[in-house]
Amino acid sequence: MPRLLIVHHTPSPYTQEMFEALLSGATAPEIEGVEVVRRPALTVSPADMLEADGYVLGTPANLGYMSGALKHAFDMCYYPCLDSTRGRPFGLYIHGNEGTEGAARGVDSITTGLGWVKAAETVVVSGKPSTADIESCWELGATVAARLMG
Ligand SMILES: Cc1cc2nc3c(=O)[nH]c(=O)nc-3n(C[C@H](O)[C@H](O)[C@H](O)COP(=O)(O)O)c2cc1C
């Protein structure tokens with residue numbers, strides 16, 4: 001069964017709301033035949049990455065970049081995944097007020113190196129997620145998961 005891996009750094013209630021909406025979309029009843037696995041970014045292994053068929057990445061903006069946790073995940077997994085995960089779809093959500101562009105740019109640069117294919121627009125949320133923000137996170141999860149349906 002195709003597997004979607006959610007790699008997320010979730011340090012606060014607002015980021016938890018985004019994560020839960022994302023997960024809800026990825027596991028919606030209309031998504032059939034896709035296994036959804038979630039891993040906090042500080043715990044994800046190269047094996048987790050290799051065994052997945054697509055990815056959703058979630059991070060706050062930290063110091064104008066992706067969180068150290070998500071960067072750590074890439075530091076651990078980049079070379080083990082290189083050339084083995086090329087062409088796989090991914091999505092990205094970011095929470096922050098300033099520097100979210102730097103976070104997006106960093107992820108885009110690394111995923112370009114890996115040869116991953118962006119399957120949906122990046123979702124960027126500031127402050128308390130609005131109803132529309134929550135819907136965007138849900139859509140992101142559903143869209144990337146739907147790409148993996150047989
Ligand atoms: C070390 C550190 C650096 C941070 N840098 C930024 C930053 O550059 N821009 C920003 O908007 N928020 C920054 N934040 C705040 C986080 O992005 C924020 O906690 C996260 O988006 C979740 O939001 P919340 O705490 O309001 O739920 C930083 C937080 C930490 C711990």
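Each ligand, and each atom within it, is numbered from 1 in the order the structure gives. Both backbone and side-chain heavy atoms feed into the values below; hydrogens, waters and symmetry mates do not.
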Can you give each donor-acceptor pair under 3.5 Å made by side-chain atoms of residues 91-101, sequence neighbours left out, with the distance rounded to 0.1 Å?
unit_1, atom_1, unit_2, atom_2, d
His95, NE2, Gly127, O, 2.7

Residue and atom name of the nearest protein heavy atom (relative to [atom]), distance in Å to one decimal:
atom	value
atom 11 (O) of ligand 1	Asn97 N, 2.6 Å
atom 26 (O) of ligand 1	Tyr14 CD1, 3.6 Å
atom 3 (C) of ligand 1	Leu63 N, 3.5 Å
atom 24 (P) of ligand 1	Ser12 OG, 3.5 Å
atom 15 (C) of ligand 1	Ala61 O, 4.0 Å

Option from Arg3, Met1, Arg147 for which side chain to side chain contact (heavy atoms under 4.5 Å, CB included) with Asp53 holds: Arg3

In Å, rounded to the nearest 0.5 Å, how long is the span from CG of Asp133 to OH of Tyr14? 11.5 Å

Side chains of Thr10 and Thr15: is there a donor and an acceptor less than 3.5 Å apart? no

Quick one: sort the His8 and Phe19 rings into parallel, tilted or perpendicular, breaks at 30° and 60°. parallel

Are any of the N/O atoms in Gly64 less than 3.5 Å from those in ligand 1? yes

Any idea which of Thr100, Asn62, Ile94 brings a heavy atom closest to atom 4 (C) of ligand 1? Asn62

Tell me which one of Lys128, Glu98, His95 gets a heavy atom nearest to atom 22 (C) of ligand 1. His95

pair Asp108-Lys118: side-chain heavy atoms closer than 4.5 Å: yes

